[in-house]
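Structure record follows, encoded as structure tokens.
Residue numbers begin at 1 in each chain, while the letters A, B, ... track the order of the sequences. Nothing here was measured: the structure is a model prediction, and the numbers come from that model.
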There are 2 protein chains.
Amino acid sequence: MTEFELGSRSNSGYSAWRLITEELRGEIAENRLRAGDHLPTENMLAERYSVNRHTARQAIAALVEDGLVESQRGSGTFVTSEPARLHQIGLRTRLTRSLGDDGSASASSRVLSSTIEEAPEDIARRLGLPHRKAIRVETTRSTGGLHIAVGTHWFDVERLPDIATALRRTGSVTAALRACGIEDYVRTSTVVGARHATASEAELLSLRPGAIVLVTEALDGLPDGTPLQHLVTRFAAQHVRLDIEHPSAD
Amino acid sequence: MTEFELGSRSNSGYSAWRLITEELRGEIAENRLRAGDHLPTENMLAERYSVNRHTARQAIAALVEDGLVESQRGSGTFVTSEPARLHQIGLRTRLTRSLGDDGSASASSRVLSSTIEEAPEDIARRLGLPHRKAIRVETTRSTGGLHIAVGTHWFDVERLPDIATALRRTGSVTAALRACGIEDYVRTSTVVGARHATASEAELLSLRPGAIVLVTEALDGLPDGTPLQHLVTRFAAQHVRLDIEHPSAD
DNA sequence: CGAAGTTATCTATTTATCTAGACAACTTCA
DNA sequence: TGAAGTTGTCTAGATAAATAGATAACTTCG
């Protein structure tokens with residue numbers, strides 16, 4: 001097993017306890033520590049990572065707060081038996097418009113704002129805009145009281161001039177597109193990345209600053225290829241898995 | 001927002017400069033800051049994140065060290081790096097082939113180890129193993145001198161008894177499968193998540209401890225659906241984004 | 001019961017990180 | 001040329017994180 005040392009750990013921008021927390025979280029995620037298992041004791045962790053016992057305790061405390069482990073005075077700390085529920089969200093790869101990217105049926109999305117803005121150059125290009133004037137819509141999605149994702153949608157203001165009012169009325173992008181006469185649309189590309197959440201994303205998703213977000217960047221278009229919507233969605237990585245369907249070519 | 005930021009940022013386990021560094025890195029990776037672009041000045045960053053200018057400088061210094069930006073006294077700091085490269089994921093995804101589709105011959109994969117182990121229960125179930133005895137193979141993948149991904153492969157030891165020797169001989173999973181008589185296989189399912197790298201992953205990928213990995217968990221099978229390989233791949237998120245293949249709508 | 005091992009809590013101290021202000025060196029542009 | 005704006009460097013102080021040691025409360029097991 002590889003342990004980081006003081007040299008590489010200090011000055012890394014990550015506190016010692018955070019690194020230990022995430023290391024243990026990774027072991028749980030990889031099933032090397034399983035439900036019910038006894039975590040290394042505080043003294044063992046302190047020795048393994050060359051830190052004080054208090055630092056090891058702080059690392060464990062973060063896992064306790066996340067519900068991954070439970071501490072019992074006198075006996076030890078154990079991996080929680082029922083792992084936190086993960087939301088499996090389907091990434092749309094064909095025109096499953098009814099469910100699609102909105103995933104589980106219980107998900108509710110809300111429009112935070114919609115403004116007319118100058119689109120960034122690359123987004124304007126992907127949308128095929130000569131003028132760069134676009135409608136920008138910010139949305140959030142939550143299920144079961146948990147904030148799951150925030151989305152930034154870009155529409156061509158000339159192609160869909162009424163999308164803003166339709167959005168405010170329907171509260172849903174899909175319904176708003178239908179109100180604008182778009183019955184069918186197709187996802188033409190999706191790119192997935194991961195990074196730390198920005199401060200505003202962390203606030204919207206009820207995450208700590210620095211939490212990890214999965215970022216999907218997608219382009220929706222008419223079946224003939226005309227681009228309709230550029231969509232950037234940020235998911236809280238600790239609650240979400242993205243499920244990719246692989247439609248067989250035949 | 002700014003005062004709230006300070007309060008919630010502390011005690012997060014991430015230093016202020018690290019959060020700023022990672023936010024800027026994300027903007028570069030997602031091509032919102034492009035090669036040649038002027039970074040916000042130190043004073044602008046300090047104001048935007050409500051930190052001292054020295055803290056903003058430290059954030060930039062980390063990007064300089066990673067070779068993403070270059071500072072020029074008097075004029076500013078500029079982006080020097082390209083956005084994260086794309087790794088394609090689709091029906092015919094092979095770890096060996098899909099990276100470096102720019103035709104660069106620099107992409108290479110390496111078999112680190114192969115052992116016979118008792119597979120974890122969930123993996124055994126997905127592979128359809130009654131006996132739980134499986135071959136576990138660890139691989140790494142790099143391109144352009146960058147370590148891109150590490151993979152953990154699981155095979156049925158009874159269905160593919162010779163895969164280990166074939167792997168050691170060929171060095172490639174695809175070639176080894178072909179040597180075992182598997183001419184064609186397809187991706188059945190892919191699930192994507194993200195978390196911090198463990199210390200061992202960070203070492204294999206030449207990342208700092210605490211860096212972010214994209215984790216894909218995939219099942220490959222014969223065209224008739226028989227499971228062949230369970231594959232967990234960890235990509236260095238700062239270098240890679242996943243490009244989800246969409247079937248052409250024809 | 002008693003000993004050993006565990007988590008919980010407290011105080012004090014050291015070390016690392018962040019803030020504050022000043023000035024120098026350099027570039028850009030009017 | 002000069003003014004404004006930028007990065008580079010220095011000193012000092014304030015705040016947060018980690019260390020060190022001690023003791024209590026609880027569990028397990030011989």
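Counting to the nearest Å, the P atom of dG5(C) and the CE atom of Met44(A) are 13 Å from each other. Atom-to-atom, CZ of Arg57(A) to P of dA20(D) comes out at 17 Å; the value is rounded to the nearest Å. Between the P atom of dT6(D) and the CD atom of Glu47(B) lies a distance of 12 Å, rounded to the nearest Å. Between the CZ atom of Arg18(A) and the C1' atom of dA16(C) there is a distance of 18 Å, given to the nearest Å. Atom CD in Gln58(A) sits about 16 Å away from atom C1' in dT7(C), given to the nearest Å. Rounded to a whole Å, the NE2 atom of His38(B) is 7 Å from the P atom of dT6(D). Taking atom CD1 of residue Ile20(B) and atom C1' of nucleotide dT17(C), one finds them 13 Å apart after rounding to whole Å. Between Leu45(A) atom CG and dG5(C) atom C1' the separation is 15 Å, expressed in whole Å.
OP1 or OP2 of dT17(C) lies within a sub-4.0 Å distance of a side-chain N or O belonging to Asn11(A). Taking side-chain N and O atoms only, Thr55(B) has a distance below 4.0 Å to OP1 or OP2 of dT19(C).
Considering only heavy atoms from C-beta on, Glu138(B) stays 4.5 Å or farther from His153(B) through its side chain. With a 4.5 Å cut-off on side-chain heavy atoms, Arg195(A) and Val215(A) count as touching.
Side-chain polar atoms of Arg234(A) and Thr216(A) form no donor-acceptor pair below 3.5 angstrom. For the residue pair His147(B)/Ser206(B), the side-chain donor-acceptor check at 3.5 Å is satisfied. Judged purely by distance below 3.5 Å, without hydrogens or angles, the side chains of Arg136(B) and Ser113(B) never pair a donor atom with an acceptor atom.
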- Show the numbers, then the answer: is there a side-chain contact (heavy atoms from CB on, under 4.5 Å) between Ser71(B) and Val64(B)? CA-CA 7 Å; Ser71(B) 291; Val64(B) 171; 4.0 Å; yes

- Task: For each nucleotide in nucleotides 25-30 of chain C, reading 5' to 3', give B when a protein heavy atom comes within less than 4.0 Å of its base, S when such contact involves only the sugar-phosphate, and - otherwise.
- Result: BBS---

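The Arg53(A) side chain lies nearest to dT7(C) when the options are dT7(C), dT19(D), dC18(C). Among the nucleotides dA18(D), dC18(C), dT7(C), the one closest to any side-chain atom of Trp17(A) is dA18(D). Listed nucleotides dT19(D), dA8(C), dA20(C) differ in distance to Ser71(A); the shortest reach to its side chain belongs to dA8(C). Comparing atom distances between the Ser15(B) side chain and each of dC18(C), dT7(D), dT19(D) picks out dC18(C) as nearest.
Along DNA chain D, the nucleotide nearest to Asn52(A) and the one nearest to Asn43(B) differ in position, and the one closer to the 5' end is contacted by Asn43(B).
A donor N or O paired with an acceptor N or O is found under 3.5 Å between the base of dG21(D) and the side-chain atoms of His54(A).
Partner Arg25(A) forms a salt bridge (Lys or Arg N to Asp or Glu O under 4.0 Å) with one of Glu27(A), Glu22(A), Glu23(A) and no other, that one being Glu22(A).
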